[in-house]
Amino acid sequence: MIEQTKAQTLARERGTIYKKPDGKAVRIALVYPNTYYLGMSNLGFQTIYRHLNERVDVVCERAFLPEPSDLEILSRSRKPLVTLETGLPLGSCDIVAFSVSFENDYPNLIRILELARIPVLSANRTHYDPVVLIGGAITYINPEPLAEFADAMIIGDGEEAAYAYIDRYIEDRGLGRERHLAGAMALAGMYVPSLQQTAPGDREGPPASGPAADSGCEAEDARPTADAGPAADTRPAADAGPAADSGCETAAFDAELAPAGRIANAPAGRIAKQQVRDFEDYPAHSAVLTPDTEFGDMLLIEISRGCPRRCRFCAVSYVYPKFRALKPETILDVIRAKNATLARDGQEGLKAVGLVSSAMCDYPHLDELCAGLEETGLRVGVSSVRVDLVPDSLLRLMLKTGLRTMTIAPEAGSERLRKAINKPISSEEILTGARRILEKGIKHLKVYYMVGLPTETDADVEELIDMTRQLARLQRACGEPGGRLRLSINPFVPKALTPFQWSPMASPREVKRKLNHIKKALRGTPGVDVKHESLKSAYFEAILSRGGRELSGFLMETVRRDGDWKRAAAETETDISRYLGDMADMQSLPWDFISTEKEHHRLQWEYRKTHNLPHRTRRPAARVSRTDAGHPAV
């Protein structure tokens with residue numbers, strides 16, 4: 001970010017944290033691997049920025065991928081990338097910490113290291129270089145594609161684990177880099193990839209289930225973008241992503257497979273995803289307010305984490321240990337404290353608050369919270385909702401504060417397919433719920449669907465079209481004049497640590513055929529808009545979602561090829577069908593080391609239930625081996 005742009009950006013911020021280092025403070029560059037606009041829209045990034053700066057012995061400043069115009073200027077100047085607050089070169093910091101939420105941002109992490117003049121590969125760094133620490137949403141699911149770029153990773157919730165690592169960093173001052181990392185490896189949730197080797201995906205033994213799908217990837221002209229993509233836990237109001245808001249079909253699992261009691265610790269050799277001891281102690285909310293975000297200067301607050309539903313395509317239900325919710329009073333206290341801080345600094349108070357949740361309608365104190373928010377007089381935005389469970393209190397609050405768009409996520413058009421993905425909401429319930437919210441005064445509906453889901457047929461696609469037409473008729477009959485039905489229809493991308501982690505991604509030819517059919521069928525339907533993301537971007541995401549550290553060379557070549565991952569795959573002889581095809585015959589997966597045996601069995605049980613197959617025990621999940629001086633640990 002060039003100086004003029006940086007000064008203008010900082011001038012528009014409220015809540016920027018400036019700290020003067022005392023010479024002993026740990027200097028941390030907190031980096032979001034995308035542009036300022038997207039980074040400051042990310043609640044996790046904002047929360048850890050505030051949290052790290054609460055320590056008196058830490059100075060944490062932000063850095064981002066420069067905008068394209070600034071990137072060209074920076075490259076020509078040959079100056080290193082610097083922090084936003086004081087212009088400190090990233091290479092001069094003690095720790096460069098990346099908060100990574102989306103797979104498609106992986107190339108940007110490499111670009112930022114290059115711009116900062118920090119060796120891209122951990123193996124090439126010396127004691128003169130900062131420690132490169134990686135955390136964020138991707139560490140809950142599959143951190144392995146970034147393993148060779150990271151000196152260390154925090155797996156899971158970062159609030160407490162980050163403090164523990166900083167304590168260790170301070171204790172180890174004066175020790176060599178290798179000794180420090182070897183010691184850090186003993187911390188709960190800390191993963192040091194250079195010293196801990198995971199088992200690569202292994203295709204042995206008979207297939208676990210049904211038919212493989214065509215996963216060939218055809219050429220496309222469009223280049224992939226660094227699109228953050230939809231995220232249900234960070235997008236309030238109309239921009240909320242797909243919600244894990246289904247019913248749950250998994251009660252039988254615990255009786256059939258799970259041992260009695262809760263597993264307190266992951267088995268030795270695995271890395272336990274971290275969970276804060278008391279969710280109330282760490283409310284996640286915006287640190288800095290700025291109009292230069294996806295949500296304007298709205299204060300975002302995470303009211304719950306995780307999801308009690310078990311949608312089989314969604315990681316949120318499976319990677320978080322349990323559904324956790326803040327008390328209404330805690331949420332209202334955050335709002336009051338933020339307003340008090342703004343008033344103390346002589347700045348304008350809050351105008352809007354965004355409630356962030358992957359399961360908004362499962363928040364247990366929704367009526368009480370809505371009553372408290374109504375008294376604040378603030379405009380309120382919400383994440384996507386379960387259309388059949390929206391309470392009157394939430395509808396009334398949204399309408400009173402001026403919100404006119406609601407997001408719902410049926411995900412699939414037919415009842416059969418919704419049951420297969422464990423989102424058993426009937427078509428009648430969807431239509432009845434939509435009628436109710438339209439009659440109450442909601443003007444626009446945003447609807448999320450996916451195509452290419454496991455077991456999907458053309459009949460399911462036809463039902464998706466029919467459901468959309470019925471919603472459009474409802475909107476014209478019951479809704480406000482001029483209302484729009486905005487469909488976001490994207491290809492299903494299989495994700496690690498979900499029951500569909502073994503499932504193939506539908507071929508580009510098949511996805512294009514279905515999308516083109518849907519768009520053609522709905523072209524003449526009044527009030528309906530249809531859009532979908534770049535398919536090339538979706539397939540790139542799928543490769544990175546289920547890959548391991550062997551993708552390091554592919555990622556570096558993708559950066560050299562300016563994002564053209566297909567040319568990079570050809571140049572590095574990367575077999576992309578390995579990542580896009582059926583993985584049911586793989587006896588181990590790159591991310592197995594961050595899942596427990598109970599989690600592994602649950603995923604298998606859910607996967608086989610989708611395909612109506614009898615349960616069969618798979619081999620134990622992989623463990624990581626620890627190495628010392630390059631030799632296997634014994």
Side-chain angles (χ1 to χ4, degrees), residues 230 232 235-243 245-247 354-355 357 359-363 366-367 370-371 373-374 379-415 417-418 423-450 460-489 518-532:
R235 292 173 181 256
D239 293 302
D245 59 359
S246 74
L355 306 181
S357 172
M360 180 63 62
C361 293
D362 289 298
Y363 179 75
L366 200 49
D367 288 343
C370 288
L373 289 171
E374 194 167 353
R379 183 166 50 88
V380 178
V382 301
S383 300
S384 60
V385 296
R386 178 163 168 163
V387 68
D388 60 324
L389 294 179
V390 184
D392 285 338
S393 58
L394 182 59
L395 264 177
R396 183 174 60 251
L397 177 65
M398 293 171 66
L399 292 166
K400 183 176 180 179
T401 60
L403 193 67
R404 291 294 181 268
T405 299
M406 186 168 281
T407 301
I408 61 176
E411 310 295 1
S414 73
E415 289 186 27
L417 188 53
R418 287 194 293 275
K423 195 158 193 173
I425 178 173
S426 71
S427 298
E428 182 180 353
E429 287 172 322
I430 293 172
L431 293 170
T432 300
R435 174 187 290 274
R436 173 171 163 264
I437 61 178
L438 288 168
E439 288 178 342
K440 291 285 186 179
I442 293 295
K443 184 172 184 179
H444 306 293
L445 286 180
K446 190 170 186 179
V447 185
Y448 282 102
Y449 288 119
M450 286 185 284
D460 298 313
V461 175
E462 292 301 327
E463 289 198 49
L464 183 155
I465 293 168
D466 182 63
M467 169 66 70
T468 303
R469 287 171 174 160
Q470 291 186 68
L471 286 171
R473 286 196 293 270
L474 265 181
Q475 190 164 45
R476 292 195 300 274
C478 308
E480 296 287 318
R484 307 293 298 180
L485 186 66
R486 298 170 178 141
L487 268 60
S488 178
I489 309 178
I518 292 168
K519 288 188 286 187
K520 183 177 180 181
L522 295 175
R523 193 169 295 152
T525 306
V528 175
D529 303 315
V530 182
K531 70 173 186 176
H532 62 81

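Because the structure is predicted, anything quoted here is derived from the model rather than measured.
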For [X] versus [Y], what's the shortest heavy-atom pair and its separation?
{"X": "L366", "Y": "M360", "result": "CD2-O, 3.8 Å"}
{"X": "S357", "Y": "A359", "result": "OG-N, 3.0 Å"}
{"X": "A521", "Y": "I465", "result": "CB-CD1, 3.7 Å"}
{"X": "A472", "Y": "V528", "result": "CB-CG2, 3.7 Å"}
{"X": "L471", "Y": "A434", "result": "CD2-CB, 3.6 Å"}

Evaluate L464 against L417 for side-chain contact (heavy atoms from CB on, under 4.5 Å), listing each step before the verdict.
CA-CA 10 Å; L464 183 155; L417 188 53; over 6 Å; no
Please report the interatomic distance [atom1]([X]) to [atom2]([Y]), rounded to the nearest 0.5 Å.
{"X": "I437", "Y": "M406", "atom1": "CD1", "atom2": "CE", "value": "5.0 Å"}
{"X": "D529", "Y": "R484", "atom1": "CG", "atom2": "CZ", "value": "4.0 Å"}
{"X": "L487", "Y": "Y448", "atom1": "CG", "atom2": "OH", "value": "11.0 Å"}
{"X": "R386", "Y": "E429", "atom1": "CZ", "atom2": "CD", "value": "6.5 Å"}
{"X": "K446", "Y": "R486", "atom1": "NZ", "atom2": "CZ", "value": "8.0 Å"}

Atom pairs and distances, donor-acceptor, side-chain atoms in residues 392-400, under 3.5 Å, two or more places apart:
residue, atom, partner, partner atom, Å
D392, OD1, R436, NH2, 2.7
S393, OG, D367, OD1, 2.5
K400, NZ, E374, OE2, 3.1

List for me each residue that meets side chain to side chain contact (heavy atoms under 4.5 Å, CB included) alongside E480, sequence neighbours excluded, and say none if there are none.
K443
Is any side-chain heavy atom of [X] closer than 4.5 Å to a side-chain heavy atom of [Y]?
{"X": "V390", "Y": "C361", "result": "yes"}
{"X": "V385", "Y": "I408", "result": "yes"}
{"X": "T405", "Y": "L445", "result": "no"}
{"X": "D388", "Y": "T432", "result": "no"}
{"X": "Q475", "Y": "L438", "result": "yes"}
{"X": "T401", "Y": "L373", "result": "no"}
{"X": "S427", "Y": "R418", "result": "yes"}
{"X": "P410", "Y": "I425", "result": "no"}

Only counting residues at least two apart or in another chain, list the ones meeting side-chain hydrogen bond (donor to acceptor under 3.5 Å, both in side chains) with H532.
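side-chain hydrogen bond (donor to acceptor under 3.5 Å, both in side chains) check on H532 returns K519.
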Using a 3.5 Å distance criterion without hydrogens, assess whether the side chain of [X] forms a donor-acceptor pair with backbone atoms of [Y].
{"X": "K423", "Y": "A412", "answer": "no"}
{"X": "S384", "Y": "T407", "answer": "no"}
{"X": "Q470", "Y": "L431", "answer": "no"}

Evaluate the side-chain contact (heavy atoms from CB on, under 4.5 Å) criterion for residues E462 and D466: first the C-alpha distance (whole Å), next the side-chain angles of each, then the deciding distance (0.1 Å), finally the verdict.
CA-CA 6 Å; E462 292 301 327; D466 182 63; over 6 Å; no
For side-chain contact (heavy atoms from CB on, under 4.5 Å), just list the numbers for Y449 and T468, CA-CA rounded to whole Å, side-chain angles, deciding distance to a tenth of an Å, and then say yes or no.
CA-CA 10 Å; Y449 288 119; T468 303; 3.6 Å; yes
Would you check, one step at a time, whether the test side-chain contact (heavy atoms from CB on, under 4.5 Å) holds for V380 with L403?
CA-CA 7 Å; V380 178; L403 193 67; over 6 Å; no
R435, CZ: over 12 other non-hydrogen atoms inside 6.0 angstrom
no
